[in-house]
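A short worksheet on the structure shown next.
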Amino acid sequence: MIDNRNTIVLIPARMASTRLPGKPLADINGLPMIVQCWKRAVEANIGQVLVAAAEVEIADVVRAQGGDAIVTDPALPSGSDRIAQALALRDPQRRFAYVVNLQGDLPAIDSLSVRRCLAGLTNEPADISTIAAKIERGEDVANPNIVKAIAPLSDGREVAFARDFLRQVGPEHQAPFWHHIGVYAYKRAVLERFVSLPVSAREAERKLEQMRAMDNGMRIVVVRVDTVPVGVDTPAELETARRMLRKA
């Protein structure tokens with residue numbers, strides 16, 4: 001049974017960012033972005049929250065605000081590797097059976113979306129759960145920077161297993177399309193197996209890490225949410241996040 005005692009939210013963060021250097025420490029209404037993300041995770045109230053930091057300065061600002069952080073190897077290649085290492089360091093006793101990977105650049109994500117992502121794992125055959133919102137605009141369907149979750153979701157069906165994840169859809173795919181949001185919940189053993197596997201062919205081709213899971217027989221359930229949170233990768237997106245959180 002999934003509950004607060006056996007669930008941990010891990011937030012990977014590193015200073016290196018080509019478009020927004022030092023992104024985790026970017027100020028958003030008086031708090032570093034990574035602290036804003038930590039606060040959203042705490043608000044979700046689904047378990048312990050731990051920032052998996054690539055650098056000491058990230059860990060320091062989180063701890064200064066009362067949060068919990070652990071420093072991981074800065075050479076790790078991905079956020080998934082970072083949270084797996086943080087989990088192994090923090091919990092060698094294996095108290096945590098469920099893991100949520102919340103990106104460190106989603107400072108305005110709503111707590112319900114985080115809770116819904118975890119709830120997808122109550123579907124027994126699911127190995128991994130993720131979230132997606134309906135795409136309403138044609139230009140978003142055509143945008144290769146927006147990853148589409150191909151799953152039989154609808155306004156009346158909130159949970160379905162992923163059939164594929166694509167940057168560009170073809171004539172064989174039917175609307176509605178679903179904007180994939182890169183928040184994941186894992187059964188712990190699945191995360192550990194995932195990071196032990198080599199990069200798969202479709203993962204390398206599409207630059208989509210979730211294809212490694214699908215290429216190795218893992219089942220990903222997609223849960224429908226109402227909105228796509230602002231991801232902060234550019235100065236303009238940083239300003240959008242500041243405006244959104246001022247209104248909150």
Side-chain angles (χ1 to χ4, degrees), residues 1-14 41 44 46-54 69-104 106 113-132 147-151 159-167 180-223:
M1 179 179 176
I2 302 173
D3 63 33
N4 287 45
R5 293 165 295 179
N6 63 8
T7 300
I8 185 168
V9 182
L10 286 155
I11 309 172
R14 64 188 184 102
I46 56 174
Q48 189 176 126
V49 179
L50 177 65
V51 172
I70 194 166
V71 179
T72 57
D73 182 352
L76 291 170
S78 73
S80 300
D81 294 289
R82 196 166 307 288
I83 67 164
Q85 185 177 92
L87 181 61
L89 290 169
R90 173 53 59 89
D91 184 38
Q93 302 86 6
R94 305 185 68 80
R95 290 179 298 124
F96 298 115
Y98 302 96
V99 182
V100 175
N101 181 354
L102 178 61
Q103 292 182 52
L106 297 176
S113 293
V114 181
R115 292 197 295 269
R116 287 179 64 80
C117 185
L118 177 64
L121 288 183
T122 61
N123 194 314
E124 188 60 34
D127 297 306
I128 301 169
S129 175
T130 191
I131 52 178
V147 178
K148 292 83 186 173
I150 306 301
V159 182
F161 280 96
R163 296 173 177 170
D164 208 347
F165 292 90
L166 299 168
R167 293 188 179 277
H180 178 236
I181 301 161
V183 179
Y184 296 94
Y186 299 86
K187 294 174 180 175
R188 180 172 184 158
V190 171
L191 172 63
E192 290 168 338
R193 178 178 172 233
F194 176 83
V195 297
S196 74
L197 293 167
V199 172
S200 72
R202 290 197 299 174
E203 176 185 3
E205 176 192 355
R206 302 180 189 181
K207 295 182 171 56
L208 296 177
E209 198 176 48
Q210 61 268 41
M211 298 314 302
R212 187 192 319 173
M214 297 193 74
D215 289 345
N216 285 279
M218 300 178 193
R219 300 196 70 188
I220 302 177
V221 71
V222 184
V223 182

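All of these numbers come straight from a predicted model, not from anything done at the bench.
- Within the structure, salt bridge (charged side-chain N to carboxylate O under 4.0 Å, His left out) pairs that include any residue of residues 114-127 comprise Arg116-Glu158 (at least two apart or interchain).
- When all heavy atoms are compared, the tightest approach of Arg14 to Ala54 is CB-CB, 3.5 Å.
- For the pair Ile8 and Val100, the minimum side-chain heavy-atom distance is 4.5 Å or more.
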Evaluate the criterion side chain to side chain contact (heavy atoms under 4.5 Å, CB included) for residue pair Ile128 and Val190; output intermediate values, then yes/no.
-> CA-CA 8 Å; Ile128 301 169; Val190 171; 3.7 Å; yes
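- Contact annotation: the side chain of Leu118 approaches that of Ile2 to within less than 4.5 Å [non-hydrogen atoms, C-beta and beyond].
- The structure places NE2 of His180 at 11.5 Å from CD1 of Ile150, a figure rounded to the nearest 0.5 Å.
- Ala126 approaches Gly120 most closely through the heavy-atom pair CB-O, 4.0 Å.
- Met1 and Asn6 get closest at one heavy-atom pair: O-ND2, 2.7 Å.
- Rounding to the nearest 0.5 Å gives a distance of 12.0 Å between CZ of Phe96 and CZ of Arg5.
- Between the side chain of Ser129 and the backbone N or O of Cys117 there is at least one donor-acceptor pair closer than 3.5 Å.
- In this structure the side chain of Leu191 never reaches within 4.5 angstrom of the side chain of Tyr98, judged on heavy atoms.
- Between Asn101 atom CG and Phe194 atom CZ the span is 9.5 Å, to the nearest 0.5 Å.
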Worked check of side chain to side chain contact (heavy atoms under 4.5 Å, CB included) between Leu166 and Val147 | CA-CA 6 Å; Leu166 299 168; Val147 178; over 6 Å; no
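- Residues Val9 and Gln48 fail the side-chain proximity criterion, which asks for heavy atoms closer than 4.5 Å.
- Remark: Glu203 CD to Leu197 CG distance equals 9.5 Å, nearest 0.5 Å.
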Kindly indicate, with the supporting measurements, whether the criterion side chain to side chain contact (heavy atoms under 4.5 Å, CB included) is fulfilled by Val159 and Val222.
-> CA-CA 6 Å; Val159 182; Val222 184; over 6 Å; no
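- Pairing each heavy atom of Pro92 with each of Leu89, the nearest pair is CD-O, 3.7 Å.
- Considering only heavy atoms from C-beta on, Tyr186 comes within 4.5 Å of Ser80 through its side chain.
- For the residue pair Arg82 / Thr72, a side-chain donor-acceptor distance below 3.5 Å is found, with atom types taken as modelled.
- Arg167 has its side chain out of reach of Lys148: every pair of non-hydrogen atoms, C-beta onward, lies at least 4.5 Å apart.
- To the nearest 0.5 angstrom, Leu50 atom CG is 5.0 Å from Leu10 atom CG.
- Contact detail for Pro12 and Leu102: the closest heavy-atom pair is CD-O, 3.4 Å.
- The salt bridge (charged side-chain N to carboxylate O under 4.0 Å, His left out) contacts involving residues 180-198 comprise Asp91-Arg188, Arg94-Glu192, Arg188-Glu192, where partners must be two or more places apart or lie in separate chains.
- Residues Leu76 and Gln85 meet the side-chain proximity criterion, which asks for heavy atoms closer than 4.5 Å.
- Under 3.5 Å, the side chains of Ser78 and Glu209 contain a donor-acceptor pair of N or O atoms.
- Taking both residues in full, the closest heavy atoms of Phe165 and Thr130 are given as CZ-CG2, 4.3 Å, listed atom of the first, atom of the second, then distance.
- Between Met214 and Arg202 there is a side-chain heavy-atom pair separated by less than 4.5 Å.
- At distances below 3.5 Å, not a single donor-acceptor pair connects side-chain atoms of Thr7 with backbone N or O atoms of Asn4.
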Going through the distances and angles, do Gln103 and Ile11 end up as a side chain to side chain contact (heavy atoms under 4.5 Å, CB included)?
-> CA-CA 6 Å; Gln103 292 182 52; Ile11 309 172; over 6 Å; no
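- For the atom pair Asp215 CG and Gln210 CD, the distance stands at 10.5 Å (nearest 0.5 Å).
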